[in-house]
Amino acid sequence: QVERGLIFVNLVDFDTQFGHRNDTPGYAANLERFDVRLAGLLPRLAPGDLLVLTADHGNDPTTPSTDHSREYVPVMAYGAAVRAGVDLGTRATFADLGQTVVDLFGLEPLAHGTSFLGDLLS
């Protein structure tokens, strides 16, 4: 539990154990395990919490290569104040997420990126 702050989690197994090994069944099973855990987490979020799910790169286990395979990654946000059905579009840079985080905490803007916090919140 954190009263106020940022919790960052890197689920590296998707990348190292399944994506880079082209293990499609393992990747799928790990997604199912994640979905179960996510379902248990969502009800525990406080009214002012914001959950953002994304990736730093794509690593599709169905491609012939074991290298990073996607230029774009999904960004999904959840919280009591998040407007349903918001389409953030294709962002110009991943730095938009960092800018959104500093915006959320009322910190000085970063050198790069555009916050999408205003688009998310109702």
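Heads up: numbering here begins at 1 and tracks the sequence. All values derive from a computational prediction rather than experimental measurement. Hydrogens, waters and symmetry mates play no part in the numbers below; they use all other heavy atoms, side chains included.
- For the atom pair CZ (Arg37) and CG (Leu11), the distance works out to 10.5 Å, reported to the nearest 0.5 Å.
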Test side chain to side chain contact (heavy atoms under 4.5 Å, CB included) on Asp49 and Tyr78; report intermediate values, then the result. CA-CA 8 Å; Asp49 289 347; Tyr78 179 84; over 6 Å; no

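- By the rule that hydrophobic residues join a cluster once side-chain heavy atoms approach within less than 4.5 Å of another member, Ile7 and Leu120 end up as members of separate clusters.
- Ala95 is linked by a side chain to side chain contact (heavy atoms under 4.5 Å, CB included) to Thr93, His112, counting only residues two or more places apart in sequence or in another chain.
- Of all the heavy atoms in Asp96 and Thr114, the pair that sits closest is OD1-N, 2.7 Å.
- Leu38 approaches Leu53 most closely through the heavy-atom pair CD2-CD1, 3.9 Å.
- A donor-acceptor contact shorter than 3.5 Å is absent between the side chain of Ser115 and the backbone of Asp103.
- Looking at every heavy atom in both residues, Phe94 comes nearest to Thr54 through CE1-OG1, 3.8 Å.
- Residue Pro47 comes nearest to Ala80 through the heavy atom pair O-CB, 3.5 Å, listed as atom of the first residue, atom of the second, then distance.
- Contact check for Glu108 versus Val102: no side-chain heavy atoms found under the 4.5 Å cut-off.
- Between Phe34 and Phe14, the ring planes are perpendicular. Angles over 60° get that label, and only those under 30° would be called parallel.
- Under the 4.5 Å side-chain heavy-atom criterion for ILVMFWY residues, a single connected hydrophobic cluster contains both Leu6 and Leu97.
- The minimum heavy-atom distance between Gln99 and Leu110, with the atom names listed, is OE1-N, 2.9 Å.
- The hydrophobic cluster containing Leu42 also contains Leu31, counting ILVMFWY residues as joined when their side-chain heavy atoms lie under 4.5 angstrom apart, directly or transitively.
- Criterion: ILVMFWY side-chain heavy atoms under 4.5 Å apart, direct or through other members. Under it, Val73 and Val9 are not part of a common hydrophobic cluster.
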Evaluate side chain to side chain contact (heavy atoms under 4.5 Å, CB included) for Arg4 paired with Phe105, printing each intermediate quantity in order. CA-CA 9 Å; Arg4 175 169 162 71; Phe105 286 102; 3.7 Å; yes

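- Leu51 has its side chain out of reach of Met76: every pair of non-hydrogen atoms, C-beta onward, lies at least 4.5 Å apart.
- Residues Thr24 and Asn22 form no side-chain contact, since every pair of their non-hydrogen atoms from C-beta on lies 4.5 Å or further apart.
- For the atom pair CG (Leu50) and OG1 (Thr100), the distance works out to 9.0 Å, reported to the nearest 0.5 Å.
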Given the rule in the side chain to side chain contact (heavy atoms under 4.5 Å, CB included) test, do Asp119 and Leu117 qualify, once you have shown the distances and angles that lead to the verdict? CA-CA 5 Å; Asp119 297 329; Leu117 187 64; over 6 Å; no

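- Looking at heavy atoms from C-beta onward, Tyr27 lies out of side-chain contact with Asp60 at the 4.5 angstrom threshold.
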May I have the step-by-step check of side chain to side chain contact (heavy atoms under 4.5 Å, CB included) for Thr66 and Arg21, ending in yes or no? CA-CA 6 Å; Thr66 59; Arg21 291 186 168 91; over 6 Å; no

